[in-house]
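Below is one structure, written out as structure tokens; the observations come after it.
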There are 2 protein chains.
Amino acid sequence: MRMAEVSAKFELSQDTLRYYERIGLIPPVNRNNNGIREYSEDNLRWVEFIKCMRSAGLPIEALIEYVNLTQQGESTLNTRKELLIEQREQLRLRIVEMVETMERLDSKIENYEQSLSETERALSRP
Amino acid sequence: MRMAEVSAKFELSQDTLRYYERIGLIPPVNRNNNGIREYSEDNLRWVEFIKCMRSAGLPIEALIEYVNLTQQGESTLNTRKELLIEQREQLRLRIVEMVETMERLDSKIENYEQSLSETERALSRP
DNA sequence: ATACATGATGGAGTTAACTCCAAGTCAACA
DNA sequence: TGTTGACTTGGAGTTAACTCCATCATGTAT
């Protein structure tokens, strides 16, 4: 698959795809005789995976290291697992924080509803 | 309360506090005769609130608007409530996405555990 | 009276993560 | 055979969100 199609499929600009490859956020993509990228199934899986992880806020640094480790073969299996465990934990903490903030917003909204209904009652008093 | 203390209390640099005030992310802080900021209780609540909301990823733009609305008095109560409802929903969606990603990491970690225990079994075979 | 800490301001600098651009290659089509 | 369109590269530009800096003012300790 070519850039244009990959770009459309994952809603990542072609520049971003090249950028990700350049900094090692996705493994190198093979080129045809004319130097043009041909994304393999494996490349596509990587692009999707990285997009997903980035959207969840995993740091680029950690993801680059993960990609590097996978390029080094089976000897890094354990390190990779540890890396994922660490990132999963960071993610969990962020989620906990965000849930707390959501609850705080909920009660703030609740307060506004109360204020507003009081205003209304005051207005309709004789 | 002065800058230094506020900065320490909320772990925000003094530059960041000034920056937030300058762009309207927190309401103006009163100054004493020498032009020095004296944070009131209300100011402190704002700093804390904004720090919390920013940590959860609420966009600066929306928060600036929220601050502006509160400065305009009671007539904006309903608009403020709507703004919070909208931001709460955006936050909820981000949380959902992140939880899905966390689950994905879980199963990836699970896979690594499997691979690793298989490797171990292979190594210990006679 | 002087030095120092703490603050003020305006504006420049930094970092991450893209995003854009100029100049060039190549294949396919009129 | 020339033009178009999809790519390539290296490098410059952009945006958000700070962060740093130079210079100045003032209250307090020595």
Side-chain angles (χ1 to χ4, degrees), chain A residues 1-40 43-44 46-68 87 90 94 97 101, chain B residues 1-40 43-44 46-68 87 90 94 97 101:
Chain A
M1 201 183 281
R2 297 279 181 82
M3 283 236 87
E5 206 176 342
V6 178
S7 168
K9 190 177 171 72
F10 298 110
E11 291 177 293
L12 290 169
S13 75
Q14 304 193 14
D15 272 312
T16 298
L17 285 170
R18 278 187 283 261
Y19 170 69
Y20 278 4
E21 189 180 344
R22 180 152 51 82
I23 66 173
L25 195 48
I26 55 174
V29 176
N30 282 337
R31 318 308 178 86
N32 67 14
N33 297 343
N34 303 315
I36 288 180
R37 290 170 179 83
E38 294 285 358
Y39 287 80
S40 68
N43 290 145
L44 295 182
W46 270 109
V47 171
E48 189 278 329
F49 175 70
I50 290 298
K51 187 191 172 174
C52 176
M53 295 300 133
R54 284 296 295 138
S55 301
L58 270 73
I60 281 194
E61 270 313 299
L63 292 171
I64 289 177
E65 196 190 338
Y66 182 71
V67 172
N68 282 341
Q87 292 307 319
Q90 297 304 320
R94 283 199 302 279
E97 197 190 355
T101 301
Chain B
M1 201 183 282
R2 295 282 181 78
M3 284 234 86
E5 207 177 339
V6 179
S7 167
K9 189 175 171 74
F10 298 111
E11 291 177 293
L12 289 169
S13 76
Q14 305 193 11
D15 272 313
T16 298
L17 286 169
R18 279 187 283 262
Y19 169 69
Y20 279 3
E21 189 180 344
R22 181 154 49 82
I23 66 172
L25 195 48
I26 54 174
V29 176
N30 282 337
R31 318 306 179 85
N32 67 14
N33 297 342
N34 304 316
I36 288 180
R37 290 171 178 84
E38 292 286 358
Y39 287 80
S40 67
N43 290 145
L44 295 181
W46 269 109
V47 171
E48 189 278 329
F49 174 70
I50 289 297
K51 186 191 171 170
C52 176
M53 295 300 134
R54 284 295 297 136
S55 300
L58 269 73
I60 282 194
E61 272 310 301
L63 293 170
I64 290 176
E65 196 189 338
Y66 183 72
V67 173
N68 283 339
Q87 292 307 317
Q90 297 303 320
R94 283 201 300 281
E97 197 189 354
T101 301

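Just so we're on the same page: letters track the sequence lines, and every chain starts at 1. Computed from heavy atoms alone, side chains included, the values below leave out hydrogens, waters and symmetry copies. Every value quoted in this text rests on a predicted model; they were computed, and no experiment measured them.
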**OP:** Flag the pair A:Glu38 / A:Arg2 as yes when at least one side-chain heavy-atom distance between them is below 4.5 Å, and no otherwise.
**Re:** yes
Polar atoms only, N or O, under 3.5 Å: list the protein pairs with nucleotides 20-23 of chain D and their distances.
| residue | atom | partner | partner atom | Å |
| --- | --- | --- | --- | --- |
| D:dC20 | N4 | B:Asp15 | OD1 | 3.0 |

Original post:
What integer distance in Å separates A:Asn32:CG from C:dA28:P?
Top reply: 11 Å
**OP:** Evaluate the criterion side chain to side chain contact (heavy atoms under 4.5 Å, CB included) for residue pair A:Val47 and A:Tyr20; output intermediate values, then yes/no.
**Re:** CA-CA 9 Å; A:Val47 171; A:Tyr20 278 4; over 6 Å; no
Original post:
Which residues satisfy the salt bridge (Lys or Arg N to Asp or Glu O under 4.0 Å) test with B:Arg94, sequence neighbours excluded?
Top reply: none
Subject >> side-chain hydrogen bond (donor to acceptor under 3.5 Å, both in side chains) partners of B:Glu97, counting only residues at least two apart >> reply: none
Original post:
Are any of the side-chain heavy atoms of B:Trp46 and B:Val29 separated by less than 4.5 Å?
Top reply: no
Subject >> All side-chain hydrogen bond (donor to acceptor under 3.5 Å, both in side chains) counterparts of A:Ser40, not counting sequence neighbours >> reply: A:Asn43
Subject >> Counterpart residues, side-chain hydrogen bond (donor to acceptor under 3.5 Å, both in side chains), relative to B:Arg31 (two or more places apart) >> reply: none
Original post:
Can you name the residues that form a side-chain hydrogen bond (donor to acceptor under 3.5 Å, both in side chains) with B:Thr101, not counting sequence neighbours?
Top reply: none
**OP:** Nearest 0.5 Å please: distance from the OH atom of A:Tyr66 over to the CZ atom of A:Phe49.
**Re:** 5.0 Å
Original post:
So, is B:Thr16 close to the D:dT19 phosphate, meaning a side-chain N or O under 4.0 Å from OP1 or OP2?
Top reply: yes
Subject >> Results of side chain to side chain contact (heavy atoms under 4.5 Å, CB included) for B:Asn33 - residues two or more places apart only >> reply: none
Donor-acceptor pairs are to be reported for all side-chain atoms of residues 52-65 of chain A against protein atoms at under 3.5 Å, with residues two or more places apart or in another chain.
| residue | atom | partner | partner atom | Å |
| --- | --- | --- | --- | --- |
| A:Arg54 | NH1 | A:Leu58 | O | 2.8 |
| A:Ser55 | OG | A:Lys51 | O | 2.8 |

All N/O pairs under 3.5 Å across the protein-nucleotides 13-16 of chain C interface:
none

Original post:
Once you round it to whole Å, what is the distance between C1' of C:dC26 and CD of A:Glu38?
Top reply: 14 Å
Output a table of nitrogen or oxygen pairs between the protein and nucleotides 1-6 of chain C separated by less than 3.5 Å.
none

Would you tabulate the nitrogen or oxygen pairs shorter than 3.5 Å linking the protein to nucleotides 25-28 of chain D?
| residue | atom | partner | partner atom | Å |
| --- | --- | --- | --- | --- |
| D:dT26 | O3' | B:Asn34 | ND2 | 3.4 |
| D:dG27 | OP1 | B:Asn34 | OD1 | 2.5 |
| D:dG27 | OP1 | B:Asn34 | ND2 | 2.6 |

Original post:
What is the distance, rounded to the nearest whole Å, between atom CZ of A:Arg22 and atom C1' of D:dC7?
Top reply: 16 Å
**OP:** To the nearest Å, give me how far apart CG (A:Leu17) and P (C:dC20) are.
**Re:** 14 Å
Original post:
Nearest of D:dT19, C:dA8, C:dT19 to any side-chain atom of B:Arg37?
Top reply: C:dA8
**OP:** Could you list all the salt bridge (Lys or Arg N to Asp or Glu O under 4.0 Å) pairs where at least one residue sits in residues 3-19 of chain B, not counting sequence neighbours?
**Re:** B:Asp15-B:Arg18
**OP:** Specify the separation, in whole Å, of atom CG of A:Leu12 and atom P of C:dA17.
**Re:** 14 Å
Original post:
D:dC7 P sits how many Å from A:Arg31 CZ, rounded?
Top reply: 13 Å
**OP:** Let me know the distance between CD1 of B:Ile64 and P of D:dC18, rounded to the nearest Å.
**Re:** 11 Å
**OP:** Report the C-alpha separation of B:Phe10 and B:Leu17 in whole Å, then their side-chain angles, then the decisive distance to 0.1 Å, and conclude whether the side chain to side chain contact (heavy atoms under 4.5 Å, CB included) test is met.
**Re:** CA-CA 10 Å; B:Phe10 298 111; B:Leu17 286 169; 5.8 Å; no
Subject >> Separation of D:dT19 C1' from B:Tyr20 OH (nearest whole Å) >> reply: 12 Å
Original post:
Is any side-chain heavy atom of A:Tyr19 closer than 4.5 Å to a side-chain heavy atom of A:Leu25?
Top reply: no
